[in-house]
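Below: one structure, written as structure tokens.
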Amino acid sequence: MTQVNGRPINRIVILTGAGVSAESGLATFRDSDGLWEKHDPMEIATPEAFERDPALVYRFYNARRNQLQDVEPNEAHRSFARLQSQFSGDVFLVTQNVDDLHERGGSEQVCHMHGQLNSMLCVACSQAQPVPGDYDGTTYCPACGVAGKLRPDIVWFGEIPYQMDTIVSMLRNCDLFIAAGTSGVVYPAAGFVQEALAAGAQTIEINREVSEVTGYFHQQRCGVASREVTALVEELLAD
């Protein structure tokens with residue numbers, strides 16, 4: 001059986017953040033040259049911002065979604081998909097990222113706690129729908145036919161992330177928690193490591209630099225996600 005620090009591993013929970021997709025060429029929000037440098041988050045990613053200037057929010061998320069056409073999954077995405085398909089136990093993948101690179105990298109199970117760029121949500125009927133292309137305040141909902149009620153299916157600041165009950169349940173029953181490419185700043189995801197520790201799990205962080213929660217991890221592997229994730233997956237599957 002696979003072991004980490006001498007402990008048997010059967011159930012793995014993985015958390016990924018912007019650092020995993022950055023190597024594919026996606027601009028991140030927190031880098032010095034990231035998307036937040038061009039926009040104040042409170043002007044874009046809150047319900048109040050959408051109510052105040054919906055045209056700006058539509059343009060921003062249409063541009064972010066269109067950027068996905070120019071990037072491809074990297075080795076970190078593909079390695080996590082390989083772990084999911086080849087590990088003898090259970091692997092649950094939760095991501096803070098709103099792109100589709102995990103799916104395109106081969107992962108069949110991905111929990112998007114912050115929503116998805118390729119999905120739009122109707123406020124009128126509460127149905128999420130695939131995005132057919134650029135849309136705005138004049139677009140009709142494919143489900144209910146009402147116009148002007150579609151918004152990005154994104155969890156904005158002040159909103160509750162998706163599937164939190166499932167995520168917490170998985171954390172409380174895992175043997176190994178891996179966090180890759182996440183800053184440890186945004187809650188509730190920043191608190192996942194403490195939840196896993198309370199369950200007795202081993203914890204591994206992969207990041208290019210020390211995060212806000214590095215001290216809670218048994219192992220900290222510094223480096224780019226594509227290299228460090230690939231190496232860790234090789235180790236786990238070799239066991």
Side-chain angles (χ1 to χ4, degrees), residues 15-74 77 93-105 107 110-164 167 181-183 185-190:
L15 170 68
T16 64
V20 170
S21 292
E23 287 186 69
S24 291
L26 280 179
T28 67
F29 287 156
R30 299 185 182 278
D31 290 344
S32 59
D33 61 346
L35 292 174
W36 281 146
E37 293 301 303
K38 302 184 179 89
H39 297 283
D40 182 337
M42 295 306 161
E43 294 178 354
I44 300 292
T46 67
E48 294 77 15
F50 185 55
E51 182 177 354
R52 182 173 59 250
D53 193 349
L56 173 63
V57 175
Y58 283 126
R59 288 198 304 271
F60 181 74
Y61 283 100
N62 282 334
R64 287 194 67 193
R65 189 182 62 259
N66 290 334
Q67 187 193 19
L68 295 180
Q69 301 174 17
D70 301 323
V71 299
E72 297 293 336
N74 59 57
H77 299 108
L93 174 61
V94 55
T95 185
Q96 296 170 280
N97 300 333
V98 294
D99 59 64
D100 61 350
L101 294 179
H102 278 301
E103 287 88 347
R104 287 161 58 191
S107 286
V110 185
C111 174
H112 284 272
M113 64 180 294
H114 289 163
Q116 301 182 66
L117 287 172
N118 286 324
S119 177
M120 56 189 183
L121 182 66
C122 181
V123 178
C125 68
S126 301
Q127 294 296 308
Q129 300 286 333
V131 179
D134 287 357
Y135 67 104
D136 56 28
T138 66
T139 306
Y140 288 84
C141 172
C144 68
V146 176
K149 295 297 183 179
L150 294 169
R151 55 160 279 181
D153 190 13
I154 301 294
V155 177
W156 286 327
F157 292 106
E159 296 181 328
I160 300 173
Y162 293 146
Q163 301 187 53
M164 282 303 300
I167 295 168
T182 179
S183 63
V185 172
V186 178
Y187 282 84

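As the structure is a prediction and not an experimental result, all values here were calculated from the model.
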For Arg59, enumerate each residue passing the salt bridge (charged side-chain N to carboxylate O under 4.0 Å, His left out) test, keeping only those at least two apart in sequence or located in another chain. none

What residues, two or more places apart in sequence or in another chain, satisfy salt bridge (charged side-chain N to carboxylate O under 4.0 Å, His left out) together with Asp53? none

Hey, does His112 have a side-chain heavy atom less than 4.5 Å from the side chain of Thr95? yes

How far apart are the closest heavy atoms of Gln96 and Gly17, and which atoms are they? OE1-CA, 3.9 Å

Min side-chain heavy-atom separation Gln163-Val94 under 4.5 Å: no

Is it the case that the side chain of Asp136 and the backbone of Ala55 share a donor-acceptor pair, with hydrogens and angles ignored and the cut-off at 3.5 Å? no

Are any of the side-chain heavy atoms of Asp100 and Leu117 separated by less than 4.5 Å? no

Of the non-hydrogen atoms in Val71 and Arg104, which two are nearest, and what is the gap between them? O-NH2, 2.5 Å

Output yes when Asp134 and Arg65 qualify as a salt bridge under the 4.0 Å nitrogen-oxygen rule, no when they do not. yes

Identify every side-chain donor-acceptor pair in residues 144-159 under 3.5 Å, counting partners at least two apart or on other chains, and give the distances.
residue, atom, partner, partner atom, Å
Arg151, NH1, Glu159, OE2, 2.9
Arg151, NH2, Ile154, O, 2.5
Arg151, NH2, Glu159, OE1, 3.2
Asp153, OD1, Tyr162, OH, 2.5
Asp153, OD2, Ser119, OG, 2.7
Trp156, NE1, Tyr61, OH, 3.1
Glu159, OE1, Trp156, N, 2.8

Just so I know, are the side chains of Glu72 and Ser24 near enough to count as touching, which here means a heavy-atom distance under 4.5 Å? no

Does any part of the side chain of Asn97, heavy atoms only, come nearer than 4.5 Å to the side chain of Leu26, both counted from C-beta? no

Contact check, side chains of Leu68 and Asn118, non-hydrogen atoms, under 4.5 Å: yes

Give the minimum heavy-atom separation between Val110 and Ser107, together with the two atoms involved. CG2-CB, 3.7 Å

Roughly how far, to the nearest 0.5 Å, is OG of Ser126 from CG of Leu121? 6.5 Å

Are Pro132 and Met120 side-chain neighbours, meaning at least one heavy-atom pair lies under 4.5 Å? yes

Answer yes or no: is there a side-chain heavy-atom contact under 4.5 Å between His77 and Ser21? yes

